[in-house]
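Structure record follows, encoded as structure tokens.
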Amino acid sequence: MQDRRFPHHLRLTKPGEFSAVFNQGKRGGDRQINVLCRPNGMLHARLGMVIAKKYLRRAIDRNRIKRQIRESFRHNKQTLRGFDMVVLLRSDIRNVSNSLLRDMLKSHWEKAIKICAK
RNA sequence: GAAGUCGGCCAGGCAAUCGCUGGGAGAGCAAUCUCCUGGAGGAAAGUCCGGACUCCAUAGGGCGGGAUGCCAGGUAACGCCUGGGCGAUGUGAGUCGACGGAAAGUGCCACAGAAAAUACACCGCCGAUGGCCGCAAGGCACAGGUAAGGGUGAAAUGGUGCGGUAAGAGCGCACCGCGUCGCUGGCAACAGUCGACGGCACGGAAAACCCCAUCCGGAGCAAGGCCAAAUAGGGAAGCAUUGGUGCGGCCCGCACUGCUUCCGGGUAGGCUGCUUGAGCCAGACAGCGAUGUCUGGCCCAGAGGAAUGAUUGCCCACGACAGAAUCCGGCUUAUCGGCCGACUUCCUUC
RNA sequence: CGGGGCGUAGCGCAGCCUGGUAGCGCACCACCUUGGGGUGGUGGUGGUCGGAGGUUCAAAUCCUCUCGCCCCGA
């Protein structure tokens, strides 16, 4: 049985942790969603999210996207261990379905690690 | 049976698996783990009003400013709700209404029209009376009388009929309308085939300024409080001690106290406020009702970059608008549908 | 949580306070000027005044609700 838990210490919370990833991380993903990645020297992965109100005006849309990202991270965190990840929303993806979003994120995780591992 | 009106309620359900989180219990030095239990809405939204709470004075006085605006009641309070009145609308059940004052004052009403609020009357009508001519009928010009008719405009100073007159006119009368006073009913707004008086003096607009009545101190949970750490009363310049700050426009008043700028350095961590409340459910009583009182029972989100989710299967009416951030009472806006109750109109049958 | 501003022709702006004609510049079209083009000159086309409702005889303008965009303070 894989460990699929997502406790609170696997999240980026402080401004300093975010700026470290933004300054030193590698950038992947596509035009709609950027995925930034940086080695953190730990045995587990950590996740941060930037969901701007500019692209998703309604709170319920922002909540849905964040839940989907967390869910995808929870299922893929074994392959991401040792990295800090920041997901940066770049466009209005209100109309993208949950299943499509899940496929997009899974490929983004894998690509980001390949770029970052070089 | 069809169409419709009003009020209330619901907001996919069940199961399995993997997760997040508040509280309680247990294990462990600790990180953490296990079990039980709770976990978005009718609008959580817009932030348009009203409060509670906290600090400034206990929220004080005046000017200024703002809000409300038929009457009565409800409420912690309201711009909300209930009942009533008036007006509009619909066959009706019903629905809608910024619904005080224009004889306190100032200003406005384009164009057209004679005239837009003081009737100084354009085209007209008359010219009885007075003057002249004529025997007379009548004619002429002026003074003057007039608001019937025409035309303009969104709007033109009561309407219809009869009398009356030189022509006319509330000039007189009847009916309708209007105003003032009284009476009756009603707490009141207001109403009345009621009575008297007034011939009528009343254009619109107050979502123009304004007047009247009532209400409103300011800031907001990043309010405010506590703990820890750091700065440590550092250097320079300026202003002032009838000053500065709280305090939002000003004055008074009250409280505290030196203040501002630059240079240099440092912190922005934790706890609390934080959910038991004008609370919810049931029943009885008072009231037309909003609502209130009493009795019994219940505890029903509380995060902190921010939880309440995901996947799969089955069922059905195939699921709308949409996500708490100090908390309540409203209003407004968005919304796929479904259920219940009361009522109206039409059709059919008995 | 609190406060402020904007929306008018394809673009950038006046007009709103104090209600009656929507105007200016660039752009566009036609003509003149030139051998041709540019420049210059003359004339012209083009606007549900963000949306809905109300007040008024009459609304871009006044009032209410609503949509979108931008900015500021804590």
Side-chain angles (χ1 to χ4, degrees):
Chain A
M1 180 63 73
Q2 274 191 335
D3 177 24
R4 285 183 183 152
R5 287 173 303 189
F6 184 48
H8 203 262
H9 68 268
L10 299 187
R11 304 180 188 191
L12 300 179
T13 56
K14 292 178 181 168
E17 296 169 346
F18 273 86
S19 56
V21 177
F22 273 98
N23 292 332
Q24 305 166 21
K26 301 283 173 53
R27 197 171 283 247
D30 58 18
R31 196 175 302 165
Q32 293 180 312
I33 301 170
N34 282 182
V35 177
L36 287 85
C37 179
R38 171 183 174 273
N40 62 3
M42 303 182 186
L43 293 174
H44 54 262
R46 294 194 298 178
L47 174 68
M49 289 178 285
V50 179
I51 311 296
K53 214 179 221 176
K54 186 177 175 183
Y55 301 115
L56 292 175
R57 173 160 290 278
R58 301 186 305 170
I60 188 164
D61 295 324
R62 294 194 298 274
N63 278 347
R64 190 186 124 238
I65 300 301
K66 285 192 277 190
R67 282 165 184 159
Q68 288 297 326
I69 293 169
R70 272 198 288 269
E71 190 67 14
S72 176
F73 178 82
R74 192 167 68 82
H75 284 101
N76 293 288
K77 68 172 186 173
Q78 294 302 323
T79 56
L80 299 172
R81 71 176 73 176
F83 296 100
D84 281 347
M85 312 294 293
V86 170
V87 179
L88 177 62
L89 191 72
R90 301 285 292 177
S91 69
D92 182 1
I93 54 170
R94 210 180 323 174
N95 298 320
V96 177
S97 71
N98 283 358
S99 57
L100 184 59
L101 190 65
R102 221 167 35 244
D103 295 341
M104 287 165 62
L105 285 166
K106 191 174 171 66
S107 67
H108 287 344
W109 296 132
E110 291 163 357
K111 274 193 280 182
I113 288 179
K114 280 183 192 170
I115 294 168
C116 202
K118 281 179 184 172

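Naming: A, B, ... by sequence-line order, numbering from 1 per chain.
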C1' spacing across the pair B:rA154 / C:rG20, given as an integer number of angstrom:
13 Å
Could you measure between the two P atoms, the one in B:rU37 and the one in B:rA30, and give it in whole Å?
27 Å
Give the rounded distance in Å between these two atoms: CD1 of A:I65 and P of B:rG323.
14 Å
Which listed nucleotide (B:rA306, B:rG323, B:rG19) is nearest to the side chain of A:R5?
B:rG19
Which base, if any, makes a Watson-Crick or G-U wobble pair with C:rG73, both distances under 3.5 Å?
C:rC1
May I have the distance from A:R58 (atom CZ) to B:rU335 (atom C1'), rounded to whole angstrom?
12 Å
Between B:rU312 atom P and A:H75 atom NE2, what is the distance in whole Å?
11 Å
Under a 3.5 Å limit on both distances, the Watson-Crick or wobble mate of B:rC33 is B:rG26
Sugar-phosphate, base or nothing in reach of A:R64, heavy atoms under 4.0 Å
nothing
I'd like to check the side-chain hydrogen bond (donor to acceptor under 3.5 Å, both in side chains) partners of A:R58; sequence neighbours left out, ordered by chain and number.
A:D61
Determine the interatomic distance between P on B:rG138 and the same-named atom on B:rC126; round to the nearest Å.
15 Å
Which base, if any, makes a Watson-Crick or G-U wobble pair with C:rC28, both distances under 3.5 Å?
C:rG44
Measure CD1/A:I69 against P/B:rG309 and give the value in whole Å, please.
17 Å
List the atom of A:C116, the atom of A:P39, and the distance in Å for their closest heavy-atom pair.
SG-CD, 3.7 Å
Could you measure between the two C1' atoms, the one in B:rA76 and the one in B:rG246, and give it in whole Å?
29 Å
Remember a base hit wins even if backbone is also touched, and classify A:R62 as base, sugar-phosphate or nothing at under 4.0 Å, heavy atoms.
nothing
Distance check, P atoms only: B:rG42 and B:rA325, in whole angstrom units.
14 Å
What form does the base of B:rA40 take, syn (within 90° of 0) or anti?
syn
Quick one: on RNA chain B, does A:F6 or A:V50 contact a more 5' nucleotide (nearest heavy atom)?
A:F6
Suppose we define a pair by two distances each less than 3.5 Å, Watson-Crick or G-U wobble; what does C:rU18 pair with here?
none
Side-chain contact check for A:R102: nearest option of B:rU311, B:rC33, B:rG323 is B:rU311
Between B:rU312 (P) and A:N98 (CG): distance, integer Å:
10 Å
What is the distance from CG of A:N76 to P of B:rA310, rounded to the nearest Å?
17 Å
Spacing of the P atoms in C:rC70 and B:rU82 (rounded, Å)
41 Å
C:rC24 versus B:rU89 - spacing of their C1' atoms, nearest Å:
49 Å
Please tabulate, one pair per line, all N/O donor-acceptor pairs under 3.5 Å involving side-chain atoms of residues 81-89 of chain A, not counting sequence neighbours.
from	atom 1	to	atom 2	distance (Å)
A:R81	NE	A:Q78	O	3.3
A:R81	NH2	A:Q78	OE1	2.4
A:D84	OD1	A:N40	ND2	2.9
A:D84	OD1	A:R46	NE	3.0
A:D84	OD2	A:R46	NH2	3.0

For A:H108 versus A:I33, what's the shortest heavy-atom pair and its separation?
NE2-O, 4.1 Å
For A:T79 and A:N76, indicate whether the former's side chain and the latter's backbone hold a donor-acceptor pair under 3.5 Å.
yes
Partner nucleotide, any strand, of B:rU91 [Watson-Crick/G-U, under 3.5 Å]
none
Relative to its sugar, using the 90° cut-off around 0, the base of B:rC300 is syn
So for A:R74 and B:rC18, does any side-chain atom that can act as donor or acceptor lie under 3.5 Å from a complementary atom in the base?
yes
Given B:rC20, B:rU308, B:rA322, the nucleotide with the shortest approach to the side chain of A:R70
B:rU308
Can you tell me the Watson-Crick or wobble partner of B:rC346, both distances under 3.5 angstrom?
B:rG1
Can you tell me the pairing partner of C:rA58 across any strand shown, Watson-Crick or G-U wobble, with both distances under 3.5 angstrom?
none
On a whole-Å scale, what distance lies between the C1' atoms belonging to B:rU165 and B:rG145?
12 Å
Could you let me know what B:rG309 is paired to, Watson-Crick or G-U wobble, both distances under 3.5 Å, or none if it's on its own?
B:rC18
Closest heavy-atom contact between A:R74 and A:E71?
NH2-OE2, 2.5 Å
Please report the C-alpha distance between A:K77 and A:L10 in whole Å, then the side-chain angles of each, then the deciding distance to 0.1 Å, and finally whether the side chain to side chain contact (heavy atoms under 4.5 Å, CB included) criterion is met.
CA-CA 10 Å; A:K77 68 172 186 173; A:L10 299 187; 3.7 Å; yes
Measure from the side-chain heavy atoms of A:N63 and tell me the nearest of B:rA40, B:rC20, B:rA310.
B:rA40
Looking at A:R67 and B:rG323, is any side-chain donor or acceptor paired with a base atom of the opposite kind under 3.5 Å?
yes
Out of B:rA306, B:rG323, B:rA310, whichever nucleotide has its closest atom nearest the side chain of A:A59:
B:rG323
Minimal heavy-atom distance between A:P7 and A:R5, with the atoms involved, is CD-C, 3.6 Å
Proximal nucleotide (of B:rG309, B:rC20, B:rA40) relative to the A:E71 side chain:
B:rG309
Separation of B:rA307 atom P from A:F73 atom CZ, nearest Å, is 16 Å
Taking all heavy atoms of A:L56 and all of A:I51, pick out the closest pair and write down the distance.
CD1-CG2, 4.1 Å
For A:K66 and B:rG19, what is the distance between atoms NZ and C1' respectively, to the nearest whole Å?
17 Å
Give A:L12 one of three labels, base, sugar-phosphate or nothing, depending on what nucleic acid heavy atoms sit under 4.0 Å from its own.
sugar-phosphate
Indicate syn or anti for B:rU275, taking the glycosidic torsion and treating anything within 90° of 0 as syn.
syn
Syn versus anti for B:rG42, judged by chi lying within 90° of 0?
syn
Nearest to the A:I60 side chain among B:rG323, B:rA310, B:rG19, which nucleotide is it?
B:rG323
